[in-house]
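Since the model is a prediction, treat every value here as computed from it, not as a measurement.
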Amino acid sequence: GFSQGGYLAPVVAKEIPVEEIISVSADYLAKYYSAKDKFKLHAIHGAKDEVSPIEISKKNLEALKKDLGIDADFHEWTMKLSK
């Protein structure tokens with residue numbers, strides 16, 4: 001899920017069992033997750049995202065891992081453009 005789709009992805013994963021979720025530029029709010037979740041979460045976030053700050057996403061994902069035992073990894077994406 002991208003952005004708001006990142007909020008939707010764990011909700012859908014509870015209805016249609018999946019093994020992995022890829023979430024791009026989303027936040028990770030505990031209300032969408034539970035300790036019963038069995039999927040692996042791959043979080044990808046742009047280093048310069050101005051809409052959803054990377055620091056908040058990292059903090060919330062770490063809390064999910066610690067508090068709920070969510071299996072997750074975080075990938076920071078730095079895009080370099082050249083002319």
Side-chain angles (χ1 to χ4, degrees):
F2 171 72
S3 190
Q4 290 185 0
Y7 296 118
L8 183 61
V11 175
V12 172
K14 294 173 194 313
E15 299 297 321
I16 305 170
V18 297
E19 293 181 18
E20 299 182 70
I21 291 175
I22 298 172
S23 180
V24 181
S25 291
D27 197 353
Y28 306 98
L29 303 178
K31 68 182 181 179
Y32 297 115
Y33 297 87
S34 81
K36 297 178 184 178
D37 292 337
K38 302 295 182 204
F39 51 78
K40 167 87 176 184
L41 172 60
H42 301 283
I44 303 170
H45 207 98
K48 297 181 181 181
D49 189 332
E50 295 176 1
V51 176
S52 180
I54 192 169
E55 296 82 20
I56 294 171
S57 291
K58 279 184 184 179
K59 179 182 145 199
N60 289 343
L61 186 66
E62 287 304 315
L64 287 178
K65 291 167 64 174
K66 179 182 173 197
D67 299 340
L68 299 176
I70 299 296
D71 184 10
D73 52 37
F74 194 90
H75 304 274
E76 185 173 330
W77 180 40
T78 305
M79 187 171 144
K80 296 179 181 180
L81 298 175
S82 61
K83 292 184 176 185

[atom1] of [X] to [atom2] of [Y]: how many Å apart, nearest 0.5 Å?
X     : Y     : atom1 : atom2 : answer
Ile21 : Phe39 : CD1   : CZ    : 4.0 Å
Glu20 : His42 : CD    : NE2   : 3.5 Å
Lys58 : His45 : NZ    : NE2   : 9.5 Å
Tyr33 : Leu64 : OH    : CG    : 6.0 Å

Q.
Donor-acceptor pair, distance only, cut-off 3.5 Å: does the side chain of Ser57 make one with the backbone of Ala26?
A.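 Yes, the answer is positive, given that a donor and an acceptor are paired below the 3.5 Å cut-off.
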Q. Lys59: what forms a side chain to side chain donor-acceptor pair (under 3.5 Å) with it, not counting sequence neighbours?
A. none
Q: Please list, chain by chain and in numerical order, all residues satisfying side chain to side chain donor-acceptor pair (under 3.5 Å) with Lys38, sequence neighbours excluded.
A: none
Q.
Holding to side chain to side chain contact (heavy atoms under 4.5 Å, CB included), I want the full list of residues that pass it with Leu29, two or more places apart in sequence or in another chain.
A. Tyr7, Asp27, Lys31, Tyr32, Asn60
Q | Partner residues of Ala72 under the side chain to side chain contact (heavy atoms under 4.5 Å, CB included) criterion, sequence neighbours left out | A |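 Result, side chain to side chain contact (heavy atoms under 4.5 Å, CB included) vs Ala72: Leu41, Leu61, Lys65, Ile70.
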**Q.** Pairs meeting criterion salt bridge (Lys or Arg N to Asp or Glu O under 4.0 Å) with involvement of residues 4-14, two or more places apart
**A.**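 Listed once each, the pairs are Lys14-Asp37.
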**Q.** Partner set under salt bridge (Lys or Arg N to Asp or Glu O under 4.0 Å) for Asp73, not counting sequence neighbours
**A.**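 Partners of Asp73 by the salt bridge (Lys or Arg N to Asp or Glu O under 4.0 Å) criterion, ordered by chain and then number, come out as Lys40.
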Q: Find out if a path of hydrophobic residues (ILVMFWY) with successive side-chain heavy-atom gaps under 4.5 Å connects Trp77 to Ile22.
A: yes
**Q.** Nearest heavy atoms of Ser25 and Ser52, plus distance in Å
**A.**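 Scanning both residues, the minimum pair turns out to be O-CB, 4.3 Å.
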